[in-house]
Amino acid sequence: MIVGDRPQPLDSCWNYWLCVAGGDQAGIMGMLGLTDPQPTTYALARDMADDASHGGDAGLVCVTGEINGWTAVVDPWCNPADMSRREEVRLLVEALSGAYGEAHAFYWGSQGDGSAWVIARDGQTVRRYNSLAPWTSLGDPLPIEQHYLDQFNISGRPEDHADDDDMYDDIFEFEFACSAQRMAETLSLDVVWGMPADADVRGQVVLARVPD
């Protein structure tokens, strides 16, 4: 482990990450097909993730050590909203949750560019929400979603109102209040702005190569 290196925010304009319960970094990388892990620092990992989110994909992901009971994998490769990979990402999250109990995938555009998340427990997807493609959403709202739906007097599921012009302002307020970043902050690990300075950290952050 690089002495003195502590978790730092891995933020960018567009943010993509997985969170897996526990600290089995090697096992998580194995399940995802990630190879050739190389120790790095959070500062260098942030630069890589930011460059990748702007199109400079080097075929690498950042894999953290265990932070407050969660391991994060950060890179556009993890994007649960990607049209061509969203189902693959969901199935990877399901598989991880089957092995480790719970796993999540998040996308958050920090400049109002939408949110998406997949929440899986014990091998099953319990919720998928995608503000960019509401028709792909699955499952019932989670308690944190329901809290804001009630607060804004929105009935049913938020995706049910995607084409309702009369509900536009209310859904906009819901999606701002219940963004993927806030979901991650509540459910697991917000790598964007919420990397806790006093976190319980075990293990070294690495860069690993994604499958071909």
Side-chain angles (χ1 to χ4, degrees), residues 14-25 27-34 53 61-64 66-109 113-150 154-163 171 174-192 194 210-211:
W14 302 276
N15 304 274
Y16 321 84
W17 70 106
L18 308 179
C19 288
V20 186
D24 184 11
Q25 187 186 64
I28 292 166
M29 288 192 292
M31 289 191 66
L32 293 174
L34 306 177
S53 77
V61 297
C62 163
V63 186
T64 72
E66 183 179 357
I67 303 173
N68 285 354
W70 296 88
T71 299
V73 183
V74 184
D75 186 75
W77 184 80
C78 305
N79 184 4
D82 183 87
M83 186 178 300
S84 63
R85 292 195 66 245
R86 61 189 172 212
E87 195 62 18
E88 180 184 353
V89 171
R90 185 182 70 83
L91 293 175
L92 286 172
V93 172
E94 276 196 349
L96 289 165
S97 77
Y100 298 104
E102 186 157 351
H104 311 151
F106 300 101
Y107 158 71
W108 182 57
D113 298 314
S115 283
W117 56 81
V118 175
I119 308 300
R121 296 179 181 132
D122 300 322
Q124 299 292 322
T125 298
V126 297
R127 178 63 166 153
R128 175 167 70 182
Y129 181 70
N130 183 350
S131 69
L132 302 175
W135 59 91
T136 67
S137 300
L138 300 169
D140 293 324
L142 298 173
I144 181 175
E145 292 179 81
Q146 194 61 56
H147 169 76
Y148 288 110
L149 290 170
D150 293 343
I154 300 171
S155 62
R157 303 178 303 170
E159 57 266 32
D160 296 337
H161 304 286
D163 297 323
I171 293 298
F174 162 78
E175 290 179 348
F176 177 78
C178 197
S179 68
Q181 181 258 331
R182 295 194 182 187
M183 292 291 292
E185 182 180 46
T186 301
L187 296 174
S188 50
L189 185 64
D190 167 21
V191 305
V192 183
V210 301

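- The shortest side-chain heavy-atom distance between I119 and L142 falls under the 4.5 Å cut-off.
- Taking both residues in full, the closest heavy atoms of A180 and W108 are given as CB-CB, 4.0 Å, listed atom of the first, atom of the second, then distance.
- You'll find the side chain of V20 stays beyond 4.5 Å of the side chain of M31, heavy atoms only.
- By the 4.5 Å heavy-atom criterion applied to side chains, E145 and R157 are not counted as neighbours.
- Taking both residues in full, the closest heavy atoms of P141 and Q146 are given as CB-OE1, 4.0 Å, listed atom of the first, atom of the second, then distance.
- Counting heavy atoms from C-beta on, the side chains of N15 and V191 never come closer than 4.5 Å.
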What's the verdict on side chain to side chain contact (heavy atoms under 4.5 Å, CB included) for Y100 and I28, showing C-alpha distance, side-chain angles and the deciding distance?
CA-CA 9 Å; Y100 298 104; I28 292 166; 3.8 Å; yes

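- Atom CG of L189 and atom CH2 of W17 lie 9.0 Å apart (nearest 0.5 Å).
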Check the pair R127, S137 against side chain to side chain contact (heavy atoms under 4.5 Å, CB included), reporting the backbone distance first and the verdict last.
CA-CA 7 Å; R127 178 63 166 153; S137 300; 4.2 Å; yes

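- Considering only heavy atoms from C-beta on, L32 comes within 4.5 Å of L18 through its side chain.
- Once rounded to the nearest 0.5 Å, the distance linking CD1 of I171 with OG of S131 reads 10.5 Å.
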Which is it for V63 and T71 under the side chain to side chain contact (heavy atoms under 4.5 Å, CB included) test, yes or no, and what are the steps along the way?
CA-CA 7 Å; V63 186; T71 299; 4.1 Å; yes

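- Nearest heavy atom pair, residue A103 against residue V93, reads O-CG1, 3.3 Å.
- Nearest heavy atom pair, residue S97 against residue G123, reads OG-N, 2.8 Å.
- Note: N130 CG to D82 CG = 10.5 Å, rounded to the nearest 0.5 Å.
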Going through the checks in order, is the side chain to side chain contact (heavy atoms under 4.5 Å, CB included) test met by V210 and L34?
CA-CA 5 Å; V210 301; L34 306 177; 4.2 Å; yes

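- Considering only heavy atoms from C-beta on, F106 comes within 4.5 Å of C19 through its side chain.
- A cation-pi arrangement is present between R85 and W77 under the rule of less than 6.0 angstrom and at most 45 degrees off the ring axis.
- Here the OG1 atom belonging to T186 is positioned 3.0 Å from the CD1 atom belonging to I144, to the nearest 0.5 angstrom.
- One finds the NE2 atom of H104 at 14.0 Å from the SG atom of C78 (value rounded to the nearest 0.5 Å).
- Minimum heavy-atom separation, P80 to A116: CG-O, 4.1 Å.
- Atom CD in E175 sits 14.0 Å away from atom OH in Y148 (nearest 0.5 Å).
- Residues W117 and Y129 bring their aromatic ring centres within 6.0 Å.
- T64 places a side-chain N or O within donor-acceptor distance of the main-chain N or O of A72, the cut-off being under 3.5 Å.
- A salt bridge between R128 and E94 is absent, with no side-chain N of the basic residue lying under 4.0 Å from a carboxylate O of the acidic one.
- With a 4.5 Å cut-off on side-chain heavy atoms, H161 and P134 do not count as touching.
- Residues C178 and M183 come closest through the heavy atom pair SG-SD, 3.6 Å.
- With respect to the salt-bridge test (charged N to carboxylate O, under 4.0 angstrom), the residues E87 and R90 qualify.
- Under the 4.5 Å side-chain criterion, counting only non-hydrogen atoms from C-beta, F174 is in contact with L149.
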